[in-house]
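Numbered from 1 within each chain, the chains take letters A, B, ... in sequence-line order.
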Amino acid sequence: MRVVERPGVTGIQKFYLVEVVKGLLVTLGHAVRNVLNPSGMPVIPYPEQKKDLPPTTRGRHRLMKREDGSPRCTACMLCATACPAECIHILAEESPDPKVEKLPAKFDIDMLRCVFCGFCVDACPLDAIRMDVPEIAIAGYTRDSLVYGKEFLMDHDNKDIVPQYNPPRPVVWTHGPHAKP
Amino acid sequence: MMDSAQLFTLLNITVMTVIMWLTPLQFIPFFIWLERKGSALIQDRIGPNRAEILGFRLFGIIHNIADVIKLLMKENITPTNVNRLYYLLAPFWSMTVSLLPLLVIPLAAPITVAGHPIRFQAANFDVGILYVLSITSMGVFGVILAGWASNNKFSLLGGLRSSAQMISYELSMGLAVVGLLMVYQTVKVDGIVEIQGHLLTVAGHTLPLPNWGVFLQPVGFILFLIAAFAETNRNPFDLAEGESELVAGYHVEYSSVKFALFFMAEYSNMVAASFLISTLFFGGYQVPFASTEELLQHPRAVLTVLCLLSAVGGAFFGILVSRRAEHQERLQPGSRRMESSFLKALGFGKAALALSLLACLWMGLLPAPEWLPGVLAALLQTLCLLVKVLFFCWLFVWVRWTLPRFRYDQLMKMGWKMMLPIALLNMVITAVVILVQKN
């Protein structure tokens with residue numbers, strides 16, 4: 001076995017005991033500082049305090065609504081197609097409004113499969129789905145409770161966590177009844 | 001039929017044996033807490049602080065109870081192709097052997113109460129320290145049995161590495177102690193501790209230092225310390241159980257109670273090593289600059305010191321709790337008020353009690369039975385020993401998070417090519433100096 005000498009190591013450092021004592025003083029300094037001043041530690045006591053998320057964090061999904069309360073989504077299946085984890089399942093239905101083609105009857109996102117990539121948000125032409133709810137710790141007790149349905153995703157008000165940021169998304173509607181000429 | 005003196009001696013030995021058997025078992029939860037909380041504080045994080053009983057978190061000590069419950073409720077698996085006798089024997093062997101060295105450690109100087117001599121040492125063998133060295137040699141068996149009987153290549157490798165490391169460093173440990181024995185001229189442990197009560201005398205001059213082993217044999221102390229780290233398989237010598245190297249080394253196939261026994265045996269080994277280092281090199285129960293006779297002659301001073309220490313300790317604890325409570329209030333108002341107030345009351349109440357006892361003492365209100373000086377001296381000496389042992393327990397945790405792990409070849413090279421020659425040289429130089437001093 002060939003032993004390679006480390007460069008830049010002085011004789012006293014090789015003796016190691018002096019370095020040991022220096023190292024011990026460093027760690028003791030940390031320990032004493034943290035006992036006397038516990039609020040100086042770079043620690044956030046979760047869940048009493050949560051970290052501030054950057055505004056472009058991909059959090060939990062939510063479905064946006066029009067002014068009359070119906071979903072913006074027209075079940076065009078672009079998000080379901082774009083999703084790499086195949087976790088969005090949409091069932092379309094007739095819309096009572098003649099200007100709107102379809103509405104989703106079922107809009108299920110299986111959070112157990114979701115990889116939080118944000119492709120569904122990028123794919124949607126109507127700004128109907130956003131991932132801006134600042135909830136990143138998603139948990140449930142059963143598998144069924146983690147398949148989010150349309151009512152849950154459209155219910156923005158009844159949550160402990162309210163979406164705090166609505167980043168302006170430049171939506172360009174080039175076709176359809178709302179296209180700007 | 002034994003007369004009353006012999007009965008008393010038998011009772012003494014029995015009580016001390018039970019105490020010295022229970023001592024490491026009481027140290028273990030404290031040590032586990034110290035390790036987890038101490039490591040966290042060194043690493044700039046908080047450590048365990050969530051498990052609670054009736055609203056009391058006690059800075060994370062309750063986590064030990066949770067650990068115990070978890071370890072006991074795990075599934076007790078015995079793999080099929082193991083050598084059943086050795087597999088089941090290994091954890092019990094490790095645990096028993098780790099409890100044995102403490103029998104010879106004296107907790108305080110022998111006192112006489114109502115005509116009966118009380119020794120605070122469970123067993124005063126004539127071979128003394130050699131008993132301890134032989135017990136630590138037996139500790140290697142637990143590792144070898146566990147590694148071999150587990151029918152697992154990783155644990156075999158871990159067991160072999162660990163046992164090779166342990167026997168290499170036992171040599172240096174023994175030789176480091178030989179120099180000490182030459183200086184103290186006795187092998188019996190109570191003689192070693194007793195002789196450390198005087199002041200250091202070098203070449204006819206009496207220095208203002210206690211006659212501790214660390215001043216007489218500094219090289220021996222360092223060698224013994226390093227060997228103790230290696231014997232207990234503790235960082236920086238923990239390659240046998242290094243989590244990133246060998247899964248878990250020789251105790252990977254053990255679950256539930258058997259793993260709990262290995263776990264406890266490791267901490268018990270560390271407690272025994274701390275006791276040994278403090279007894280051999282730091283004067284054991286001897287209070288620095290106050291030998292036993294002086295303590296017996298000044299019981300008022302002893303009680304004053306005890307009360308002041310209690311008061312300072314209680315006040316310090318109360319202050320720490322109030323600072324912690326302020327911190328908690330800022331984060332989550334009203335959350336830990338009950339516990340904080342209780343602990344603050346405990347700390348400051350103890351301080352107040354100690355100070356009032358001190359006041360009663362100095363106003364002459366306390367009765368003075370004839371056994372009081374002896375008991376007070378023993379109390380102070382035991383407290384002194386505990387402080388030293390706690391310092392070395394903290395040292396074990398402290399070094400763990402300071403030094404990186406040694407590679408196996410570095411370790412063996414250090415044990416055989418560096419520490420053994422230094423230990424022999426230390427022995428020779430000590431012998432030469434003693435001979436020169438005699439002439």
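Among all heavy-atom pairs drawn from V20(A) and T402(B), the shortest one is O-CG2, 4.4 Å. Closest approach of R45(B) and M41(A) over heavy atoms only: O-SD, 3.3 Å.
Counting only distance, with no hydrogens or angles, the side chain of W398(B) and the backbone of L24(A) share a donor-acceptor pair below 3.5 Å.
Remark: F116(A) CZ is packed, more than 12 non-hydrogen atoms of other residues, nucleotides or ligands lying under 6.0 Å away. Surrounding CD of Q410(B) are more than 12 heavy atoms belonging to other residues, nucleotides or ligands, all under 6.0 Å away. More than 12 heavy atoms of other shown residues, nucleotides or ligands fall within 6.0 angstrom of atom OH in Y408(B). Heavy atoms of other residues, nucleotides or ligands lying less than 6.0 angstrom from NZ of K413(B) number 12 at most. Surrounding CD1 of I138(A) are more than 12 heavy atoms belonging to other residues, nucleotides or ligands, all under 6.0 Å away.
Contacts of N49(B) with chain A are absent, with no heavy-atom separation under 4.5 Å from either backbone or side chain. Looking at R323(B), the atoms closer than 4.5 Å to chain A (heavy atoms on both sides) all sit in the side chain, from C-beta outward.
Annotation: the span from I46(B) atom CD1 to I44(A) atom CD1 amounts to 10.5 Å, rounded to 0.5 Å. Taking CG of L28(A) as the reference point, atom CG of L41(B) lies at 11.0 Å (rounded to 0.5 Å).
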I would like to know whether N34(A) and Q43(B) meet side chain to side chain contact (heavy atoms under 4.5 Å, CB included); could you show each step before the answer? CA-CA 9 Å; N34(A) 290 327; Q43(B) 296 168 341; over 6 Å; no
Please evaluate residues L320(B) and V35(A) with respect to the criterion side chain to side chain contact (heavy atoms under 4.5 Å, CB included), reporting the C-alpha separation (whole Å), side-chain torsions for both, the decisive distance (0.1 Å), and the verdict. CA-CA 8 Å; L320(B) 265 183; V35(A) 167; 4.1 Å; yes
Just do the side chain to side chain contact (heavy atoms under 4.5 Å, CB included) check on D44(B) and V43(A) with the steps written out, would you? CA-CA 8 Å; D44(B) 286 345; V43(A) 170; 5.9 Å; no
